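All remarks here apply to the structure that follows.
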There are 2 protein chains.
Amino acid sequence: MGKVLTMPFEGSIENLAATTAPQDVSLEDAATFDVLRKMREDILCCVLKPDQKLRFGELRQRYGTSVGTLREALSHLVSEGLARTEAGRGFQVAPISLADFLDLSELRVYLETRTLADAIRHGTDAWEAEIVSSYFLLNKLAPPRQDDPVSVKREWGKRHKRFHDSLVATCRSPWSLHFRSELFDQARRYHWLTMIHARSRRRNEHLDLRDAVLARDVDLACGLIEKHIRTTVQQAASEVPGLTLDMAKRKKA
Amino acid sequence: MGKVLTMPFEGSIENLAATTAPQDVSLEDAATFDVLRKMREDILCCVLKPDQKLRFGELRQRYGTSVGTLREALSHLVSEGLARTEAGRGFQVAPISLADFLDLSELRVYLETRTLADAIRHGTDAWEAEIVSSYFLLNKLAPPRQDDPVSVKREWGKRHKRFHDSLVATCRSPWSLHFRSELFDQARRYHWLTMIHARSRRRNEHLDLRDAVLARDVDLACGLIEKHIRTTVQQAASEVPGLTLDMAKRKKA
DNA sequence: TGTAAACGGATTTTCGAAACTTTTGGAAAT
DNA sequence: ATTTCCAAAAGTTTCGAAAATCCGTTTACA
């Protein structure tokens with residue numbers, strides 16, 4: 001199979017910046033997207049719990065908006081995989097399961113390493129600066145524990161995402177970045193549960209990761225992030241009570 | 001970066017069937033999804049052309065539906081990457097570019113081979129039967145040429161997708177399948193353009209693919225599909241007039 | 001002549017009421 | 001006691017009108 005496009009993105013044109021891959025809707029400022037963003041955050045943080053029914057009446061009150069706008073936002077969440085719907089019987093929060101977490105984590109390993117490798121190869125000074133800065137902000141906040149207020153947890157989540165985003169920011173494949181981001185969000189739901197139930201405490205993997213990336217050590221950095229992802233899955237599997245049971249529950253239905 | 005991911009999904013749990021990954025919205029039967037399906041098809045077939053402005057007035061007439069419903073469908077298309085929007089100034093069909101096609105094709109190679117390999121390893125009799133059947137239907141129709149009526153082109157597109165879907169149907173990773181499907185659709189837009197302008201004619205790659213898959217020859221089948229994808233990109237790059245120029249046009253804006 | 005403010009038509013965005021569907025609960029029949 | 005049916009209630013889906021916004025053009029002013 002002729003090795004036409006062997007190196008990832010090698011055949012691509014220089015300016016890949018503004019291109020076709022799906023829009024990151026979060027950047028919009030209209031009211032619809034406000035609601036969407038809030039709802040997404042609430043699902044990710046399990047304020048809206050897995051399998052929970054999403055009734056228009058309640059949501060309308062909660063987010064102070066109309067049915068139409070809500071519907072649009074919900075529809076969006078469905079295509080992101082954070083909600084489900086069946087015609088005629090409304091929406092609910094997407095379920096979680098260990099099988100799902102394993103599946104998405106496997107893909108994540110590929111996408112995170114792929115994007116990270118490319119980002120490191122094309123990193124700029126500004127990229128390095130943002131990594132330093134976002135790590136600093138992340139490190140300033142201790143990882144939240146079960147009894148921390150929600151606002152603290154939210155803030156930590158935001159900084160955590162910003163740090164990981166900054167690492168891959170200079171990757172030149174918009175599609176890889178897009179899917180990476182979607183899966184990263186998905187993983188946040190499980191990550192959240194893990195933190196809440198966490199018995200064991202993990203050492204600061206982010207620092208190692210930061211240094212490997214800044215040293216432009218592709219292999220080391222990719223290895224670290226791979227381990228980072230896999231460890232989280234294993235921790236969740238062993239420490240989150242609901243996760244393994246879910247499967248049995250689902251079989252009955 | 002270490003070849004950790006050698007056996008895909010090896011860590012996963014047996015029953016991955018009904019799980020969490022995003023819903024294939026096309027299966028719904030409500031009116032909203034009808035519109036969505038139709039619009040998606042029209043974008044994929046370039047009836048609605050890249051960069052074209054999507055005004056509510058026209059669309060309402062074309063699809064015979066209300067503003068609200070349209071909005072929901074459009075919103076969906078944005079998150080699939082088939083349309084774009086900027087708050088306050090409506091929607092337009094997503095642009096196309098060679099860079100985008102290259103990018104998405106690279107990811108496709110990975111996702112198609114990953115899903116195909118797993119599907120072959122877990123293929124059943126029913127899976128084989130569906131492959132035989134969908135290939136038969138695809139083969140019955142000659143690949144459309146520029147002057148064929150749209151309905152013929154549509155039908156061929158449908159059978160083409162069904163064939164490729166059937167190949168990977170028994171893959172046990174819902175997330176991989178989901179992203180594969182999204183990228184497959186994206187590629188259809190470019191594929192379409194290629195067929196319209198095609199000077200050269202390609203031999204029947206689908207037959208080889210079918211036989212390799214039915215023979216359960218993972219390496220051969222993956223090699224074939226990889227070549228299938230890469231060849232299409234190269235053909236598009238050399239034979240579709242608009243594609244390379246697009247970049248220049250975009251730079252001015 | 002060039003720049004800025006103001007206007008008007010076109011378009012998008014938001015909203016809640018009306019139509020429709022599913023679910024619930026209770027009464028009648030098996 | 002269980003099933004079947006019906007009607008009321010709860011919830012969802014669709015719609016088009018009203019409000020907000022944008023864009024091109026004209027008008028006012030330096």
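Nothing here was measured: the structure is a model prediction, and the numbers come from that model. The chains referred to below are lettered A, B, ... by the order of the sequence lines, with proteins before strands, and numbering in each begins at 1.
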- [ ] Please state how far atom NE2 in H76(A) lies from atom P in dT13(C), giving the value in whole angstrom units.
- [x] 12 Å
Task: Distance in angstrom units between Q92(A) CD and dT12(D) P, rounded - done: 11 Å
TODO: For K161(A), enumerate each residue passing the salt bridge (Lys or Arg N to Asp or Glu O under 4.0 Å) test, keeping only those at least two apart in sequence or located in another chain.
DONE: D165(A), D185(A)
Open item on the list: Can you list everything that forms a side chain to side chain donor-acceptor pair (under 3.5 Å) with Y135(A)? Sequence neighbours excluded, please.
Closed with: N139(A), N204(A)
- [ ] Would you tell me if any nitrogen or oxygen in the side chain of R89(B) comes within less than 4.0 Å of OP1 or OP2 on dC23(D)?
- [x] yes
- [ ] Check whether any side-chain N or O of R55(A) sits under 4.0 Å from OP1 or OP2 of dG11(D), and answer yes or no.
- [x] yes
When you compare the protein's N or O atoms with those of nucleotides 14-19 of chain D, which come within less than 3.5 Å of each other, and at what distance?
from    : atom 1 : to     : atom 2 : distance (Å)
dT14(D) : OP1    : A31(B) : N      : 2.9
dT14(D) : OP1    : T32(B) : N      : 3.3
dT14(D) : OP2    : T32(B) : OG1    : 2.4
dC15(D) : OP2    : T65(B) : OG1    : 3.1
dC15(D) : OP2    : T69(B) : OG1    : 3.4

Task: d(CD, E58(B); P, dA10(C)) in whole Å - done: 14 Å
Open item on the list: Please enumerate all residues that pass side chain to side chain donor-acceptor pair (under 3.5 Å) together with T65(B), with sequence neighbours excluded.
Closed with: none
TODO: List in chain and number order the residues that pass side chain to side chain contact (heavy atoms under 4.5 Å, CB included) with L138(A), two or more places apart in sequence or in another chain; answer none if no residue qualifies.
DONE: W156(A), R159(A), H160(A), F163(A), H206(A)
Task: F179(A): partners by ring pair (Phe, Tyr, Trp, His ring centres under 6.0 Å), with sequence neighbours left out - done: W175(A), F179(B)
Open item on the list: I need the CG-P distance between D34(A) and dT13(C), as an integer number of Å.
Closed with: 14 Å
- [ ] To the nearest Å, give me how far apart CZ (F56(A)) and P (dA17(C)) are.
- [x] 16 Å
TODO: May I ask you to say whether D34(A) pairs ionically with R37(A), meaning some side-chain N is under 4.0 Å from a carboxylate O?
DONE: yes
- [ ] Would you indicate what L74(B) reaches in the nucleic acid, counting non-hydrogen atoms under 4.0 angstrom: base, sugar-phosphate, or nothing?
- [x] nothing
Open item on the list: I need the CD-P distance between E86(A) and dT22(C), as an integer number of Å.
Closed with: 10 Å
TODO: State which of dT13(C), dT13(D), dT11(C) makes the closest approach to the side chain of K53(B).
DONE: dT11(C)
